[in-house]
Amino acid sequence: MEDFLEQMAEIMEVDNVNLSDELTSFEAWDSLTTLSIIALADDEYQVSLTNAEIADAKTIEGLHQLITGKQNA
């Protein structure tokens, strides 16, 4: 979990993130951020995500659950 939070903070261009943070609340949130999350999920977690799935995740915790859920499927 700690690595995931650090990776998300880097993508969101902030010092740290919290599980309850909404994805769209970050200033860096845009289509490139979504692409970075898709690349992270693919490279680090071997999971394929879509833009819609990321949008539906809504929070950092939701995104983590989405990725871990797909890993365990």
Side-chain angles (χ1 to χ4, degrees):
M1 175 67 87
E2 188 69 28
D3 287 344
F4 177 77
L5 293 176
E6 289 176 8
Q7 292 163 333
M8 290 306 301
E10 184 175 332
I11 289 173
M12 297 301 184
E13 301 177 359
V14 295
D15 291 335
N16 55 54
V17 297
N18 296 307
L19 291 174
S20 61
D21 290 342
E22 291 190 22
L23 298 174
T24 58
S25 69
F26 293 94
E27 284 187 35
W29 182 255
D30 60 14
S31 60
L32 292 178
T33 306
T34 304
L35 290 175
S36 295
I37 292 171
I38 290 170
L40 171 74
D42 186 50
D43 291 345
E44 298 290 326
Y45 301 96
Q46 292 72 52
V47 169
S48 296
L49 299 179
T50 67
N51 286 341
E53 289 172 329
I54 294 170
D56 288 345
K58 298 194 185 307
T59 62
I60 298 292
E61 182 175 24
L63 186 58
H64 184 261
Q65 289 174 347
L66 174 64
I67 291 171
T68 56
K70 284 193 161 200
Q71 279 184 313
N72 297 328

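Since this is a predicted model, take the numbers as computed values, not measurements. Each residue takes its place number in the sequence, starting with 1.
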Give the intermediate values and the outcome of side chain to side chain contact (heavy atoms under 4.5 Å, CB included) for residues Glu53 and Lys70. CA-CA 11 Å; Glu53 289 172 329; Lys70 284 193 161 200; 2.9 Å; yes
Please step through side chain to side chain contact (heavy atoms under 4.5 Å, CB included) for the pair Leu63 and Phe4, ending with a clear verdict. CA-CA 10 Å; Leu63 186 58; Phe4 177 77; 4.2 Å; yes
Test log, rule side chain to side chain contact (heavy atoms under 4.5 Å, CB included), inputs Thr68 and Tyr45: CA-CA 8 Å; Thr68 56; Tyr45 301 96; over 6 Å; no
Step by step, work out the side chain to side chain contact (heavy atoms under 4.5 Å, CB included) result for Val47 and Asp42. CA-CA 5 Å; Val47 169; Asp42 186 50; over 6 Å; no
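Remark: Thr59 engages no residue in a side-chain hydrogen bond (donor to acceptor under 3.5 Å, both in side chains) (not counting sequence neighbours). Listed by chain and number, the residues in a salt bridge (Lys or Arg N to Asp or Glu O under 4.0 Å) with Lys58 amount to none (sequence neighbours excluded).
Asp30 contributes a side-chain N or O that, together with a main-chain N or O of Thr33, makes up a donor-acceptor pair within less than 3.5 Å. A distance-only check finds a donor-acceptor pair linking the side chain of Asp21 to the backbone of Asn18 [under 3.5 Å]. Using modelled atom types, one side-chain atom of Gln46 and one backbone atom of Asp43 make a donor-acceptor pair closer than 3.5 Å.
Considering every non-hydrogen atom in both Asn16 and Ala9, the closest pair reads CA-CB, 3.8 Å. Considering all non-hydrogen atoms of both residues, Trp29 and Ile37 come closest at CZ3-CD1, 3.8 Å.
Separation of atoms CD1 (Ile11) and CG (Leu32) is listed at 11.5 Å; rounding is to 0.5 Å. Here His64 contributes atom NE2 and Gln7 contributes atom CD; the two are 9.5 Å apart, rounded to the nearest 0.5 Å.
In this structure, Glu22 places its CD atom where only 12 or fewer heavy-atom neighbours from other residues, nucleotides or ligands lie under 6.0 Å away. By the neighbour-count criterion of 12 heavy atoms within 6.0 Å, atom CD of Gln71 is densely surrounded, having more than that number from other residues, nucleotides or ligands.
With Ile67 as reference, Leu49 is the one residue of Leu49, Ile54, Asn72 to meet the side-chain contact (heavy atoms from CB on, under 4.5 Å) rule.
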